[in-house]
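In what follows, chains are A, B, ... by sequence order, proteins preceding strands, each numbered from 1. Hydrogens, waters and symmetry mates play no part in the numbers below; they use all other heavy atoms, side chains included.
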Number of protein chains: 2
Amino acid sequence: MADATATVLAALKADGENALKRLFEILAVPSISTDPAHSADCRKAADWCAAQLSEIGFTAQAHKTAGQPMVLGQYKPPLDNAAPHVLFYGHYDVQPPDPLDEWTTPPFKPSVVTDTEHGEVITGRGSSDDKGQFMTFFEACRAWKTAQGGLPMRVTVLLEGEEESGSPSLGPFLKSHASELAADVALVCDTTQWDKDTPAITTTLRGLAFSEVTIKGPSRDLHSGMYGGPVRNPIRVLSNILGDLYDASGRICIPGFYDAIREPKMAQIEQWRSLGFDAEQFLGSVGLSRSAGENGRTPLEQLWSRPTAEINGIYGGYQGPGTKTVIPASATAKVSFRLVPGQEPEKILKGFRTFVKERLPTDCKAEFNGEGGSPAVGFDTDTIAFRVAADAIAEEWGQRPVFVGCGASIPIVQSFKTVLGMNTLLIGFALNDDRIHAPNEKYNLSSFQRGARSWVRIINRLSQVPI
Amino acid sequence: MADATATVLAALKADGENALKRLFEILAVPSISTDPAHSADCRKAADWCAAQLSEIGFTAQAHKTAGQPMVLGQYKPPLDNAAPHVLFYGHYDVQPPDPLDEWTTPPFKPSVVTDTEHGEVITGRGSSDDKGQFMTFFEACRAWKTAQGGLPMRVTVLLEGEEESGSPSLGPFLKSHASELAADVALVCDTTQWDKDTPAITTTLRGLAFSEVTIKGPSRDLHSGMYGGPVRNPIRVLSNILGDLYDASGRICIPGFYDAIREPKMAQIEQWRSLGFDAEQFLGSVGLSRSAGENGRTPLEQLWSRPTAEINGIYGGYQGPGTKTVIPASATAKVSFRLVPGQEPEKILKGFRTFVKERLPTDCKAEFNGEGGSPAVGFDTDTIAFRVAADAIAEEWGQRPVFVGCGASIPIVQSFKTVLGMNTLLIGFALNDDRIHAPNEKYNLSSFQRGARSWVRIINRLSQVPI
């Protein structure tokens, strides 16, 4: 089998120039999903992806949806071997390129330029997010076909075209195509490495719970001169309650909030601490000098393994220019909680509601609206899939990937878990300085090449084990 | 002199039917200052008022302004006596009558109807606020002319036509006509009695100080997943600070906030306590059951003699439908303070700024915008003007007027003090149930008749003393 990999890697290398041409073809399509004027471009990109998959042995099709098409490709090895079935996910849509005048090369005319800091880089919108990334997988599959006649296991590919615009069609599609999509493990190529030399697998994603609380006081807006004194102002009540959410040590004061948390293993925390995360740079880039998070936790732990309570929005009373001396009848805050493994959104929201109600003074009511959420995802990295994927990446990079967390949610991963019952290997080769969603997006040429090589090896290793 | 009053009161009584006709004439003019479509009506009302004044011996004119005309009338007694000079103020403009379908009689077709609760009442927009009220003064002047050939002292009348729309022309007019307007004392007929049997003089008005505070944190809006934890949310900081404004006893926690306050005299507080203010009804009418004000103070003291800190508006982050998991770069609150005598707006605002700055955590800044204010007004009621006005009112009503406070500001009174150096006697005959600014505004016929009689007596008494 080691021999098979060598031949596939050789085929990949031999076809390097063509691989870049293929990437340039799809990068030239302005498949901006959020802009209806680019619907035809999205269809074009979807058709191009389906044609690529067909070319390398997949049964593939761009499926119509209420929004942009969903590309679905199936590869089944001719012999029914014992290898697992993997689902690969990516997205062919891109962010709008604005502001256009900040681009030094045109966003939809890709090129390879030499950058003093990164060497050769591929330029253009989508070069990193996510066209360059998913094409590393496509090229790996193509090389397997060239060298070995096909992939060594069953592979399903799902590309959506609405990732940058809220993925409205994804949930329904997952449900209606569950039997085709349900695999043993999902592979997602839409994340970053730790740095250019250190590959990474993202193993935890925070969850989310959200609520909108409205404090109601007097039956109507009142004149602060005629009523100010005996009447309690709902904005004051809301401020008082929200001001109680955190204690001075940065801990959230909702009773039971931390009770069910499954802390990361000590070895995991030690690995994070060894990463040399530059908190000063991280905070400095947004105008801050010091972490304001929970005492006794590093900034990386605060981001990856600790929950938060945020007030995402607040409003009440007069918000126009000048003054209006009103005591408003109500005040509202949009509150959300980032959750970590173990916390259940509904319990957290219940705790929040109780916390608010216990602090309501006489004559005030609280209303809660628009609640929802999803739990955190934390994969057990002591499993075969994670181990062999890490082994394969280590072969390519000369060092084992670090297991990193992500402070945000990636809904597709949570859907794969809840709708299709699959774990996900989040393996990406992007770098933090790829300027995704910004002008002058780039993908290092080495990311593209070593990304494809990594997939060749991951496919090889995964095909040899039961998952 | 008691004889003079008797003849004037007799003349007033004899002319009662005509007085009502005159009032109906001006009530029929829809002089809605806030609606440009009614500019001609405002001019018509101003001209009518000037003509009335001319008819009763004033040199009067409707002066053009950038907005609605200002009516100015001067009456100088033929003999240069030692009597003081008084300035009477009222306004001829009215609130819009909406919602029209809630009126049981047409708003601009005045009538006298019998109401089971109040007896005969004059109906129509402006019947109480302020046409009915200022006409009590006009009719008193007319009766003096009829019975005695003229008024016993110098009287200047100022009527504005923008009281219901922010009085933009008033300040400039006061300054440009200061020499004609500066009198020994001002008389304003735009307030209420305590109840239908208890006349009142309003002797204190709260002042105001206002500021808009913006808390700034990160240099831009951040994704709460990617940054939540180490980054402090400006809405949380603002809530924390605002939540500290009051202690549990309802006192404001800004250091020095109460230091300079001149408390009302004990006799004044005792008089207020004896008024039998129905706090339950007052709060109940706006959906509340219990005073939330400062411990140890009655609701009436809280309204009339105690300062407040109100958050009139707050905003920050996402305020649209649904959720957006943002950590905003800033959050803003509009804060205002109702002030009582002794408190200086600038000192209060300085204390507030210090209070905010002392609570700012690392990496947060506070900006203050749109600040301003005016001090409270509290008249010394142990002066000749207040004493003789009270004596005159007592003659008419069989009981001395109570000295009441007002929780709001009346800018004209503060301008009379600051621009013209005059104290004001706020004497009105309206009742709290006159439904001003609402459908079915009314003025009791007895308010109209006894109001005019009261002015006959007040003019008589004031003309006999040095002020």
Visitor: Is B:Arg206 reaching over with its side chain to a backbone N or O of A:Met226, donor-acceptor style, under 3.5 angstrom?
Guide: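 No, because the side chain of B:Arg206 does not come within donor-acceptor range (under 3.5 Å) of the backbone of A:Met226.
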Visitor: Is B:Pro328 close to chain A through its backbone or its side chain, or both, or neither, when contacts mean heavy atoms under 4.5 Å?
Guide: side chain
Visitor: Checking the side chain of A:Lys334 only, and the main-chain atoms of B:Pro321 only, is there a donor and an acceptor separated by less than 3.5 Å?
Guide: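 No; judged by distance alone, with no hydrogens or angles, the pair does not exist.
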Visitor: Atom CG of A:Leu245 and atom CZ of B:Arg236: how far apart are they, to the nearest 0.5 Å?
Guide: 8.5 Å
Visitor: Identify which part of A:Pro218 has an atom lying under 4.5 Å from any heavy atom of chain B, answering side chain, backbone, both or neither.
Guide: both
Visitor: Looking at chain B, which one of A:Gly316, A:Gly370, A:Pro299, A:Gly250 has the largest number of heavy-atom pairs inside 4.5 Å, strictly under?
Guide: A:Gly316
Visitor: Identify, with sequence neighbours excluded, every residue that meets side-chain contact (heavy atoms from CB on, under 4.5 Å) alongside B:Thr204.
Guide: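 For B:Thr204, no residue satisfies side-chain contact (heavy atoms from CB on, under 4.5 Å) once neighbours in sequence are set aside.
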Visitor: Quick check: do B:Leu222 and A:Val286 have side-chain heavy atoms less than 4.5 Å from each other?
Guide: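 When only atoms from C-beta onward are counted, A:Val286 and B:Leu222 do touch, with a gap below 4.5 Å.
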Visitor: Got more than 12 heavy atoms from elsewhere within 6.0 Å of CD, A:Glu280?
Guide: no
Visitor: Please state whether the side chain, the backbone, both or neither of A:Leu300 comes within less than 4.5 Å of a heavy atom of chain B.
Guide: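 For A:Leu300, neither part sits under 4.5 Å from chain B.
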Visitor: Based on non-hydrogen pairs under 4.5 Å, which of A:Ser239, A:Pro307, A:Ala408, A:Gly243 is most in contact with chain B?
Guide: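 Option with the greatest count: A:Ser239.
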Visitor: Which value, rounded to the nearest 0.5 Å, describes the distance between B:Leu242 atom CG and A:Ile235 atom CD1?
Guide: 9.0 Å
Visitor: In terms of heavy-atom pairs under 4.5 Å with chain A, which of B:Ala329, B:Ser219, B:Gly287, B:Gly217 leads?
Guide: B:Ser219
Visitor: Measure the spacing between OH of A:Tyr227 and OG of B:Ser285 and express it to the nearest 0.5 Å.
Guide: 4.5 Å
Visitor: In Å, rounded to the nearest 0.5 Å, how long is the span from OG1 of A:Thr308 to CD1 of B:Ile327?
Guide: 7.0 Å
Visitor: Side chain, backbone, both or neither: which part of A:Leu205 has a non-hydrogen atom closer than 4.5 Å to chain B?
Guide: neither
Visitor: Name the member of B:Glu294, B:Glu212, B:Arg297, B:His223 that forms the most heavy-atom pairs with chain A at distances under 4.5 Å.
Guide: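 So the answer, after comparing B:Glu294, B:Glu212, B:Arg297, B:His223, is B:His223.
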Visitor: Between B:Phe210 and chain A, which part of the residue has a heavy atom less than 4.5 Å away: side chain, backbone, both or neither?
Guide: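 Looking at B:Phe210, just its side chain touches chain A.
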Visitor: Rounded at 0.5 Å granularity, tell me how far CZ in A:Arg290 sits from CZ in B:Arg232.
Guide: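 CZ of B:Arg232 is found 8.0 Å from CZ of A:Arg290.
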Visitor: Side-chain donor-acceptor pair under 3.5 Å between A:Ser289 and B:Asp363, yes or no?
Guide: yes
Visitor: Compare all side-chain heavy atoms of B:Leu283 with those of A:Val231 and state whether any distance is below 4.5 angstrom.
Guide: yes
Visitor: Report the option among B:Asp221, B:Leu208, B:Val237, B:Val326 that has the most heavy-atom pairs separated by less than 4.5 Å from atoms of chain A.
Guide: B:Val326
Visitor: Identify which part of B:Lys324 has an atom lying under 4.5 Å from any heavy atom of chain A, answering side chain, backbone, both or neither.
Guide: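 Only the backbone of B:Lys324 comes within 4.5 Å of chain A.
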Visitor: Does any backbone or side-chain atom of A:Pro361 lie under 4.5 Å from a heavy atom of chain B? Answer side chain, backbone, both or neither.
Guide: neither
Visitor: Among B:Gly317, B:Ser291, B:Ala292, B:Gly293, which has the most heavy-atom pairs under 4.5 Å with chain A?
Guide: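 Ranked by heavy-atom pairs under 4.5 Å with chain A, first place is B:Ala292.
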Visitor: Heavy-atom distances under 4.5 Å only: say whether A:Thr325 touches chain B with side chain, backbone, both or neither.
Guide: both
Visitor: Using non-hydrogen atoms only, which part of A:Ser336 is less than 4.5 Å away from chain B: side chain, backbone, both, or neither?
Guide: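 Looking at A:Ser336, just its side chain touches chain B.
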Visitor: Using a cut-off of under 4.5 Å for heavy-atom pairs, which of A:Thr362, A:Asn369, A:Asp244 has the most such pairs with chain B?
Guide: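 Heavy-atom pairs under 4.5 Å are most numerous for A:Thr362.
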Visitor: Which one, A:Gly407, A:Ala309, A:Cys364, leads in non-hydrogen pairs under 4.5 Å with chain B?
Guide: A:Gly407
Visitor: What distance do B:Ile311 atom CD1 and A:Leu238 atom CG have between them, rounded to the nearest 0.5 Å?
Guide: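 B:Ile311 CD1 to A:Leu238 CG: 9.0 Å, rounded to 0.5 Å.
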